[in-house]
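Below: one structure, written as structure tokens.
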Amino acid sequence: MTLIPGDGIGPEITAAAVTILEAAGAGISWERHDAGEESIKASGMPLPPATLTSIQRTRVCLKGPVTTPVGKGFKSVNVALRQTLDLFANLRPVKNVPGVAARYGNLNLVVVRENTESLYSGIEHVVVPGVVESIKIITEKASTRIARFAFDYARVHGRRKVTIVHKANIMKLSDGLFLDSCRNVAARYPDIEVNDVIVDAACMKLVMNPAQFDVLLLDNLYGDIISDLASGLVGGLGVTPGANLGETCAVFESVHGSAPDIAGKGIANPTALLLSAVMMLRHLKDEACAVRVEKALFAALEEGTARTRDIGGTATTDTFTRSVVSKL
Ligand code: NAI
């Protein structure tokens, strides 16, 4: 499989995940490839062709976070990876993790984010100095495809309701097309309840009473924002995993970024990346190994020996790793 250690805390948490997967007997051999800032230092390119070719060949990648410079510099490697490999569905389960204190208990919802278009098209230009135009692309094709993914996911995983999140009251054409496309798909799934909420109200409802949601279906920008918000409901960015899924390839990564504020300090929480690896094992139909890793992680978190600072403990990334391995 392809492994991208990434930037910031990426190399620390990917090393932890690789050690734990090995101890769990996952039997994975890795092709290590660069992306992001570290890659620029090594090869001058943020996303070298060899990294893409490797994922196209292995079809499965575990990826650490990569840094994107703010307001300048190279374009987001994440966006480029998702667009180039057509990883159209971003799946982010938001679930309580045993042993991790959270604002809500028994939360179990799923964020389904369209991953290839919207304001992440990257098309923006200066009209005249002081005026900038950013172009939001919404297509019926991509909106229909992500809606089908969400409703199929709901059906296969026994979920009862899909909520379409949008801002079609203001962006009548673009979000209007997203909403209409999703509603058209919903009509073909009479067994799944559907409703829609305007994105600002969705934020408030999520904070006040998140249990009213089951599957959230959003475009790229709203999905990005709402998944960070939702991760805060179950203990923070350190514990929420994710998957970027396409027809041919899949890239598994946590919701969080490269956390430059704690990089190199040995205190990053590998839980989110490890849970992404568990999603990867399930994608590979290795349920037995997925369960082994999950059980060991949850036991170590409940005991407290794997609880890092972000979730109220004192464990370092190293003690986290040793603690989960000892449970295995
Ligand atoms: P961030 O997610 O890296 O960090 C936000 C806060 O959460 C920080 O205080 C950080 O210390 C904490 N945090 C995040 N992950 C943690 C973990 N595993 N353990 C303990 N604490 C953790 O978001 P930020 O600072 O906005 O972005 C930093 C960089 O990451 C930016 O360049 C951004 O573009 C990039 N990024 C990359 C992503 C990816 O590769 N998929 C996703 C999101 C951001």
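Computed over heavy atoms, backbone and side chain alike; hydrogens, waters and symmetry mates excluded. Whatever order the structure lists them in is the order used to number ligands and atoms, beginning at 1.
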Legend entry - Partner of Phe178 by side chain to side chain contact (heavy atoms under 4.5 Å, CB included), out of Ser181, Ser174, Cys182: Cys182
Inset, instruction - Using a strict cut-off of less than 4.0 Å between a Lys/Arg side-chain nitrogen and an Asp/Glu carboxylate oxygen, indicate whether Lys136 and Asp219 qualify as a salt bridge. - result: yes
For each nitrogen or oxygen atom of ligand 1, which protein N/O atoms lie closer than 3.5 Å, and how far apart are they, rounded to 0.1 Å?
unit_1: ligand 1; atom_1: 2 (O); unit_2: Gly257; atom_2: N; d: 2.7
unit_1: ligand 1; atom_1: 3 (O); unit_2: Gly257; atom_2: N; d: 3.4
unit_1: ligand 1; atom_1: 3 (O); unit_2: Gly257; atom_2: O; d: 3.4
unit_1: ligand 1; atom_1: 3 (O); unit_2: Ser258; atom_2: N; d: 3.3
unit_1: ligand 1; atom_1: 3 (O); unit_2: Ala259; atom_2: N; d: 2.8
unit_1: ligand 1; atom_1: 9 (O); unit_2: Asp261; atom_2: OD2; d: 2.9
unit_1: ligand 1; atom_1: 11 (O); unit_2: Asp261; atom_2: OD1; d: 2.9
unit_1: ligand 1; atom_1: 11 (O); unit_2: Asp261; atom_2: OD2; d: 3.0
unit_1: ligand 1; atom_1: 15 (N); unit_2: His256; atom_2: ND1; d: 3.4
unit_1: ligand 1; atom_1: 18 (N); unit_2: His256; atom_2: NE2; d: 3.3
unit_1: ligand 1; atom_1: 18 (N); unit_2: Asn269; atom_2: O; d: 2.9
unit_1: ligand 1; atom_1: 19 (N); unit_2: Asn269; atom_2: N; d: 2.9
unit_1: ligand 1; atom_1: 30 (O); unit_2: Ser258; atom_2: N; d: 3.0
unit_1: ligand 1; atom_1: 30 (O); unit_2: Ser258; atom_2: OG; d: 3.3
unit_1: ligand 1; atom_1: 32 (O); unit_2: Thr68; atom_2: N; d: 2.8
unit_1: ligand 1; atom_1: 32 (O); unit_2: Thr68; atom_2: O; d: 3.1
unit_1: ligand 1; atom_1: 40 (O); unit_2: Lys63; atom_2: NZ; d: 3.2
unit_1: ligand 1; atom_1: 40 (O); unit_2: Val66; atom_2: N; d: 2.8
unit_1: ligand 1; atom_1: 40 (O); unit_2: Asn78; atom_2: OD1; d: 3.3
unit_1: ligand 1; atom_1: 40 (O); unit_2: Asn78; atom_2: ND2; d: 2.9
unit_1: ligand 1; atom_1: 41 (N); unit_2: Glu253; atom_2: OE1; d: 3.0

Inset, instruction - Any salt bridge (charged side-chain N to carboxylate O under 4.0 Å, His left out) involving residues 75-96? Give me the pairs, sequence neighbours left out, ordered by first then second residue. - result: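 Counting only pairs at least two positions apart or across chains, the salt bridge (charged side-chain N to carboxylate O under 4.0 Å, His left out) contacts touching residues 75-96 are Arg82-Glu253, Asp86-Arg145.
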Within the supplied structure, the quantity of interest is the number of heavy atoms (other residues, nucleotides, ligands) at a distance under 6.0 Å from [X] [atom1]; does it exceed 12?
X: Gln212; atom1: CD; result: yes
X: Gln56; atom1: CD; result: yes
X: Arg155; atom1: CZ; result: yes

